[in-house]
Amino acid sequence: MKPPRFDYHAPPSADEAVALLARYGGDAKVLAGGQSLVPMLNFRLARPAALIDVNRIPALAYIREDDDTVAFGAMTRQRTIEFSPVVAERVPLLREATRWVGHLPIRSRGTIGGSIAHADPSAEYPAVLTALDGEVIAQGPRGRRTLSPGRLFETYLTTRLAPDELLVEVRLPAAPAGAGCAFEEFARRHGDFALVGIAAMVVRDGAGGARARLASAGTGPVPVRLRAAEEIVERDGLGDAAIEAAGARAAELVQPESDVHASADYRRQLTRVLTVRALKRARARAR
Ligand SMILES: Cc1cc2nc3c(=O)[nH]c(=O)nc-3n(C[C@H](O)[C@H](O)[C@H](O)COP(=O)(O)OP(=O)(O)OC[C@H]3O[C@@H](n4cnc5c(N)ncnc54)[C@H](O)[C@@H]3O)c2cc1C
């Protein structure tokens, strides 16, 4: 099928993109990599009056690091992230998650901002943002504001970005020295969206204890931070028994729904198994 008719704008700056979004009063869509939006247009699941193409705004594509944080311009391609030495060294969880995102052509066009703004609950980047407790910067007609993942993700494919706001930056805390990370997921075919995905990071404290970060994808309308499972690791350490207990607790924390792809029970079981696998792999990598 072909998309319905739309006006097309390719502004050269974020300010002009925001002005165009405001002009259409909620009836325009931002076009980033187009990997989710174009299929939605073709299936006529989206019928915006206009597309605001932000691909010609070079100022929205960058990776910048400071002491504690790595910042990504919203238009940074997933493929750039996959091969960035800064990401490999400072946000290894994001690098690992990127390898699970679709296929090479999708990652060559798809962007970090588009993936997060699209808010597919099975997608990897929203789970990484949630696990690491990062933040996004939105720019609207009244200026910029910062949103935490808990504030940003509202429900399936829905964020709390206003229709005239552009997501301009994603900020992730750099991994502490010696951290071990792993992203585990299960999908029926390589490149498919995850039935369930688990993002994990652990940091040994040197006295037998550890800090942990855990979040799941594909287990409900938004990514889930598995805080009570993290607490088990923080209290009991990184031994096999504690990791098994954390996996069991993770399965209790999620409320997946049954759909054509998998039952809720199966997704809960995957949550347990993948949490254990992710924690064990993160443990093996932690120094
Ligand atoms: C076959 C296939 C398999 C895929 N598999 C996976 C997968 O396994 N995991 C995964 O995570 N993704 C997967 N994807 C989706 C892919 O990662 C997309 O790139 C991503 O979901 C959207 O990013 P995009 O840059 O293409 O955004 P677009 O498709 O251009 O936009 C998506 C939505 O976000 C909005 N948007 C985009 N950028 C902004 C912004 N800066 N500010 C405000 N709103 C914005 C758009 O208006 C639109 O509503 C797959 C896609 C395909 C076609």
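Counting starts at 1 for both ligands and their atoms, in listed order. In this text, all values refer to a predicted model and were calculated from it rather than measured experimentally. Residue indices begin at 1 and follow the sequence shown.
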Passes salt bridge (charged side-chain N to carboxylate O under 4.0 Å, His left out), Arg281 versus Glu184? Steps please. CA-CA 9 Å; Arg281 218 149 51 78; Glu184 286 282 346; 2.7 Å; yes
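Applying the side-chain hydrogen bond (donor to acceptor under 3.5 Å, both in side chains) rule to Thr155 yields no partners; only residues at least two apart in sequence or on another chain are considered.
Between Glu82 and Arg107 there is a salt bridge, since a side-chain N of the basic residue sits under 4.0 Å from a carboxylate O of the acidic one. Of the charged side-chain nitrogens involved, at least one lies within less than 4.0 Å of a carboxylate oxygen, so that Glu230 and Arg225 count as a salt-bridged pair.
Residue pairs meeting the salt bridge (charged side-chain N to carboxylate O under 4.0 Å, His left out) criterion with at least one partner in residues 59-74, sequence neighbours excluded, are Glu65-Arg90. Residue pairs meeting the salt bridge (charged side-chain N to carboxylate O under 4.0 Å, His left out) criterion with at least one partner in residues 245-260, sequence neighbours excluded, are Arg249-Glu252, Asp259-Arg267.
Protein residues having at least one heavy atom under 4.0 Å from any atom of ligand 1 are Lys29, Val30, Leu31, Ala32, Gly33, Gly34, Gln35, Ser36, Leu37, Ala74, Gln78, Trp100, Val101, Gly102, Ile106, Gly110, Thr111, Gly114, Ser115, Ala117, His118, Ala123, Glu124, Leu166, Leu167, Gly191, Asp192, Phe193, listed by chain and number.
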